[in-house]
Amino acid sequence: MENRRVRLRFAPSPTGGLHMGGVRTALFNYLFAKKHGGDFLLRIEDTDQTRYVKGAEEYIVAALEWSGIKIDEGVSVGGPHAPYRQSERKEKGIYQKYADQLVASGHAYYAFDTAEELDAMRKRLEAAKVAAPQYNSVSRQTMRNSTTLSEDEVKKLLDAKTPYVIRLKVPRNEEIRFHDIIRGWVVVNSSQVDDKVLLKSDGMPTYHLAHIVDDYLMEISHAVRGEEWLPSAPAHILIYRYLGWEEVMPQLAHLPLILKPDGNGKLSKRDKSGLPMFPLNWHDENTGENYLGYRESGFFPEAFANMLAMLGWNPGTTQEIFSMEELIQNFSFERVNKSGAKFDPEKTKWYNQQYLRKKSDAELAKLFRPILQEKLNEQGLSIDNFGVSYIEGVCKLVKEKSHFVAEFWESGKYFFIAPSSYDADVIKKRWNEQAASFIQEISVAYRDLADFTFEETEKTFKAVAEKMGIGAGSVMQLFRVCLSGVGGGPVLFEMVELLGKNEVVKRLEHALVNINK
Ligand code: GLU
């Protein structure tokens, strides 16, 4: 199938909020589609109505959008293959005819077994120590289906509207080979494959039939999905073959698992590593559970997508920071690992920090503004007392040590509120008569300083210290504490310059009075 248009789909079931593993699957589909100038589709696989969760579909669409994954065709945008929701496609009778076709060609059959009969079969096989009891080429011979009943009996049952399912008739002993772009050739004997249900008794197709019919009709070129679908792939190959579509079936790729930070098992949506497992806040209406989102935790979508791409894929170089455009350019399934990828919470925060540092002070100030406004309001203060360039200046100074914009308040609140208490350890260690007179002297010197810049304030500081015969280094931290109340922070004289002459002098005088008390 050379020269085929590249079309990939993300096909989630709306059984809950889309967790980060799901977003990664969507992302890899998207990156590959875009790299090859193709289409990315969103199809909603809602054939299992018992597992349907309200709001899940809207959440999936919003999550992809926030993550920077653009949908070319699908539930939210429409397209030539609409509808893109399988329950609606079922209403249009899209699947039934293919199930019927498989029955007619002898590759599928009606099975009338009741739940009790199925249960009895399972118990019988368990008692006989069959390793994996399943409905297959052997056990089907003991069951009530159109391979064991006469044509007449079958007709009678169908006429009487006896509930039935349609099952795939898997051959007893045949080698099934297929190629996975990530895993290479996979060979399975058909004796390992069960007679999967294709159509349920309510006429709803199962995932197995529905996704194949849809991938075919929607001309999907590559089916990329989670590793958990690998065991079903041999049955899917048979379905493609029996429908006569093997030549045009999508190339398969099964993505590696995302593992817990300690590498011990699959990352769960209830993971307690401290970071969100969902892109956006998610409230599950069925269970009442709430999950925190990356968005609401202050992550940038670019950082989230970059981090996700590196979970299982690597560029083959040491580059770690990739824009979406760069991910698209560099992505290939050859560089996706077979083995699981460990989720790393620290590295995830590191990604956010890298993106934070790349933002301009103006952008950061815009993001910080609502947080600042709220904090100042809590203190009965107004943001209007601070100019735009002042707020940008604060962002510039505090961003280096922050992972999130929300941290700016904690690390820089003294830029907005003068300290009322002073780091006790520093005071105890550094405050003495000589230090106090230095603070006194420097406040006087600053009052007369015309050019209150980084360079001039530093020069003056050193000159005053020298004149008094004390090492500038020995009073620096104390000086800082007088201005901010805390012992650490940004480059000292940058802080001084930003605070400005009036504020600095005022704070020094205030410190002299209050520390001495
Ligand atoms: N509906 C399936 C899921 O939610 C899709 C699997 C596939 O992509 O084929 O995992």
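Whatever order the structure lists them in is the order used to number ligands and atoms, beginning at 1.
A 6.0 Å sphere centred on NZ of Lys90 holds more than 12 heavy atoms belonging to other residues, nucleotides or ligands. Around atom NZ of Lys35, more than 12 heavy atoms belonging to other residues, nucleotides or ligands sit under 6.0 Å away.
Neither the backbone nor the side chain of Glu228 comes within contact range of ligand 1; no heavy atom lies under 4.0 Å.
By the 6.0 Å and 45° rule, Lys358 stacks over the aromatic ring of Tyr355. Cation-pi check for Arg335 over Phe331 is not met; the charged atom does not lie both under 6.0 angstrom from the ring centroid and within 45 degrees of its normal.
Considering only non-hydrogen protein atoms, atom 8 (O) of ligand 1 sits nearest to Arg9 NH1, 2.8 Å. Nearest non-hydrogen protein atom to atom 5 (C) of ligand 1 is Ala11 O, 3.1 Å. The shortest contact between atom 1 (N) of ligand 1 and any protein heavy atom is with Glu45 OE1, 2.7 Å. For atom 6 (C) of ligand 1, the nearest non-hydrogen atom of the protein is Tyr207 OH, 3.3 Å.
Ligand-side atoms of ligand 1 in range of Trp229: 2 (C), 3 (C), 6 (C), 10 (O), range being under 4.0 angstrom from any heavy atom.
At least one heavy atom of Ser13 sits closer than 4.0 Å to an atom of ligand 1.
Partners of Phe178 under the ring-ring contact (aromatic ring centres under 6.0 Å, His included) rule, at least two apart in sequence or in another chain, do not exist in this structure.
In summary, of the residues considered (Asn29, Asp39, Asp215), a side-chain hydrogen bond (donor to acceptor under 3.5 Å, both in side chains) with Arg7 occurs for Asp39 alone.
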